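Here's the structure, in structure tokens; my notes come after.
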Number of protein chains: 2
Amino acid sequence: MLEDVVRALGHATLGSRLRRLGERLQADAQDLTGILTGKDLPSPHHTVLAALNRNGPLNIGDLAASLGQSQPGVTRMIGKMKAAGLVTAETAPTDKRVSTIHLTKEGTARITELEALHWPAVEAAVADLCGQIDGSLLDQLSALETLLTEKSLKQRVLEAQEPETKP
Amino acid sequence: MLEDVVRALGHATLGSRLRRLGERLQADAQDLTGILTGKDLPSPHHTVLAALNRNGPLNIGDLAASLGQSQPGVTRMIGKMKAAGLVTAETAPTDKRVSTIHLTKEGTARITELEALHWPAVEAAVADLCGQIDGSLLDQLSALETLLTEKSLKQRVLEAQEPETKP
DNA sequence: TACATTTAAATACCAAGTTATATATCTCGT
DNA sequence: ACGAGATATATAACTTGGTATTTAAATGTA
């Protein structure tokens with residue numbers, strides 16, 4: 001069995017490690033979207049929809065700030081979401097530079113589905129995982145990695161769903 | 001002040017949050033490489049060099065396993081590192097499919113620099129940060145984000161270096 | 001009012017990761 | 001020894017992120 005180098009290097013490679021674990025969780029969560037809501041929705045779209053749903057229409061800059069991402073990244077993501085029919089952009093009447101992003105009917109429907117079906121399930125599964133771990137950040141990351149290797153987030157969520165549908 | 005949506009959604013968006021924080025730490029750590037060793041070295045190259053230094057020559061597949069990444073990703077990264085003169089690939093005599101990756105003199109020099117100058121500094125700064133936080137994973141992530149917003153990892157490392165160079 | 005500065009978004013380019021597939025080589029059973 | 005299947009790596013196509021720069025509009029100041 002080969003050593004996990006990123007893990008072995010400890011604090012010095014914490015960035016790589018957080019990123020790697022984050023990608024793994026995101027991929028599982030995205031997979032679950034398709035299974036739970038019947039429609040696929042890329043993970044980064046989730047947070048954009050949530051931001052618009054929580055705050056109402058936002059311009060690109062505010063969206064970037066509330067997501068903690070760069071403006072060009074958000075511009076491109078919004079381009080894709082417009083193409084997917086999830087949002088529309090309107091030029092602000094008072095300032096033609098500003099484009100205000102609104103949820104479409106479809107976008108609203110998807111975020112409603114996410115709130116009803118996806119987030120509660122993921123929230124519960126991840127909260128359950130997090131409830132099993134404690135200690136230092138590195139200890140918790142190690143424990144989380146181990147738990148997820150034993151059984152993926154996806155499996156955990158699906159197993160938690162079964163009892164509701166069977167009886 | 002706009003709400004941080006990823007943070008607000010809690011466990012449901014833990015993946016995005018870990019990834020975002022990881023990218024931030026990685027970017028800062030990479031920046032420090034240039035400052036501390038005088039030469040720039042992309043963050044993903046660090047872990048590859050470390051893996052080869054710890055284990056000796058490795059083939060692509062084992063490298064991928066020890067880094068926890070996909071094989072094609074490692075193949076491409078090795079391509080760049082070959083171009084940068086950090087590693088060489090040798091076809092294994094017993095099996096022509098296998099390519100064994102070796103550190104070059106330059107690669108060995110760079111990992112030695114990293115071990116001497118970069119990792120101890122980053123390890124100390126991150127360990128110090130982690131020593132200031134406790135509680136649940138989400139609590140620790142929130143605390144870490146707050147600490148890093150107050151003062152970046154880069155600043156922390158550089159301030160820790162100054163006392164050594166001044167007196 | 002005109003011009004310089006600032007600001008919001010878009011664009012261009014690049015890095016790094018993924019999955020799916022192709023290619024080359026090896027191994028094993030007949 | 002030959003062909004089927006397994007295995008190691010490479011390639012292709014795509015996703016998502018970033019920084020630096022450009023464009024267009026607004027602002028403010030001489």
Side-chain angles (χ1 to χ4, degrees), chain A residues 6 15-31 33-34 40-48 57-65 67-84 87 89-101, chain B residues 6 15-31 33-34 40-48 57-65 67-84 87 89-101:
Chain A
V6 175
S16 302
R17 191 163 174 197
L18 289 172
R19 188 174 167 174
R20 194 176 65 173
L21 183 55
E23 271 161 13
R24 184 172 172 184
L25 282 172
Q26 251 190 339
D28 256 4
Q30 182 174 330
D31 229 18
T33 312
D40 215 12
L41 189 69
S43 199
H45 291 193
H46 294 200
T47 46
V48 174
L58 287 173
N59 61 45
I60 300 276
D62 288 346
L63 210 37
L67 297 172
Q69 285 190 255
S70 69
Q71 171 263 310
V74 172
T75 294
R76 195 155 35 74
M77 190 56 57
I78 290 299
K80 290 194 180 178
M81 293 179 72
K82 280 196 284 194
V87 299
E90 278 177 28
T91 301
T94 55
D95 186 339
K96 289 178 196 161
R97 290 170 307 176
V98 175
S99 103
T100 309
I101 311 302
Chain B
V6 175
S16 302
R17 192 165 175 194
L18 289 172
R19 189 174 168 176
R20 194 176 67 174
L21 183 55
E23 271 161 13
R24 184 174 173 182
L25 282 172
Q26 253 191 335
D28 257 3
Q30 183 175 330
D31 229 17
T33 312
D40 215 11
L41 189 68
S43 200
H45 291 195
H46 295 200
T47 44
V48 174
L58 287 173
N59 61 43
I60 300 276
D62 288 347
L63 210 36
L67 297 172
Q69 284 189 258
S70 69
Q71 170 265 309
V74 172
T75 295
R76 195 154 39 72
M77 189 56 57
I78 291 297
K80 291 193 180 177
M81 293 179 72
K82 281 196 282 193
V87 299
E90 278 177 29
T91 300
T94 54
D95 186 339
K96 289 178 196 160
R97 290 170 306 176
V98 175
S99 104
T100 309
I101 311 301

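Just so it is clear, the structure is predicted and the values come from calculations on it, not from any experiment. Chain identifiers are assigned alphabetically (A, B, ...) following the order of the sequence lines, protein sequences preceding nucleic acid strands; residue numbering begins at 1 within each chain.
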Using atom CD of B:E23 as one end and atom C1' of D:dT19 as the other, report the distance to the nearest whole Å. 14 Å

Sequence neighbours excluded, which residues qualify as salt bridge (Lys or Arg N to Asp or Glu O under 4.0 Å) partners of A:R76? none

Using OP1 and OP2 only, check whether a side-chain N or O of B:T75 sits under 4.0 Å from D:dT9. no

Taking B:S43's backbone N and O only, do any of them form a donor-acceptor pair with B:Q30's side chain (distance below 3.5 Å, no angle check)? yes

How about A:L63 and A:I78: do any of their side-chain heavy atoms sit closer than 4.5 Å? yes

Closest-nucleotide 5' rank along DNA chain D - winner of A:M77 and A:P93: A:M77

Going by modelled atom types, is there a donor-acceptor pair between the base of C:dA8 and the side chain of A:Q71 at under 3.5 Å? no

Whole-Å distance between C:dA16 C1' and A:R20 CZ? 15 Å

Mind calculating the distance between CD1 (A:I78) and C1' (C:dT11) to the nearest angstrom? 16 Å

Taking atom C1' of D:dT19 as reference, at what distance in whole Å does atom CD of A:Q69 sit? 14 Å

Send over the distance from B:H46 NE2 to C:dA16 P, rounded to a whole Å. 10 Å

Who are the salt bridge (Lys or Arg N to Asp or Glu O under 4.0 Å) partners of A:R17, not counting sequence neighbours? A:E145

Is B:S70 close enough to C:dG17 that one of its side-chain N or O atoms is under 4.0 Å from OP1 or OP2 there? no

Tell me the interatomic distance from A:D31, atom CG, to C:dT19, atom C1', rounded to whole angstroms. 12 Å

Between the protein and nucleotides 3-8 of chain D, which nitrogen or oxygen pairs come in under 3.5 angstrom?
residue: D:dT7; atom: O2; partner: B:R97; partner atom: NH1; Å: 2.6

Using whole Å, report how far NZ of A:K80 lies from C1' of D:dC14. 8 Å

So A:P72, base contact, sugar-phosphate only, or nothing? Heavy-atom distance under 4.0 Å. base

Passes side-chain contact (heavy atoms from CB on, under 4.5 Å), A:E23 versus A:R19? Steps please. CA-CA 6 Å; A:E23 271 161 13; A:R19 188 174 167 174; 3.5 Å; yes

Under 3.5 Å donor-acceptor pair, B:R76 side-chain atoms to C:dG17 base atoms: yes

Could you tell me whether the side chain of A:I101 reaches within less than 4.5 Å of the side chain of A:I60, counting heavy atoms only? yes

Whole angstroms only, please: what is the CD-P distance between A:Q26 and C:dT18? 13 Å

Taking atom types as modelled and ignoring hydrogens, do the side chains of B:S99 and B:E90 form a donor-acceptor contact shorter than 3.5 angstrom? no

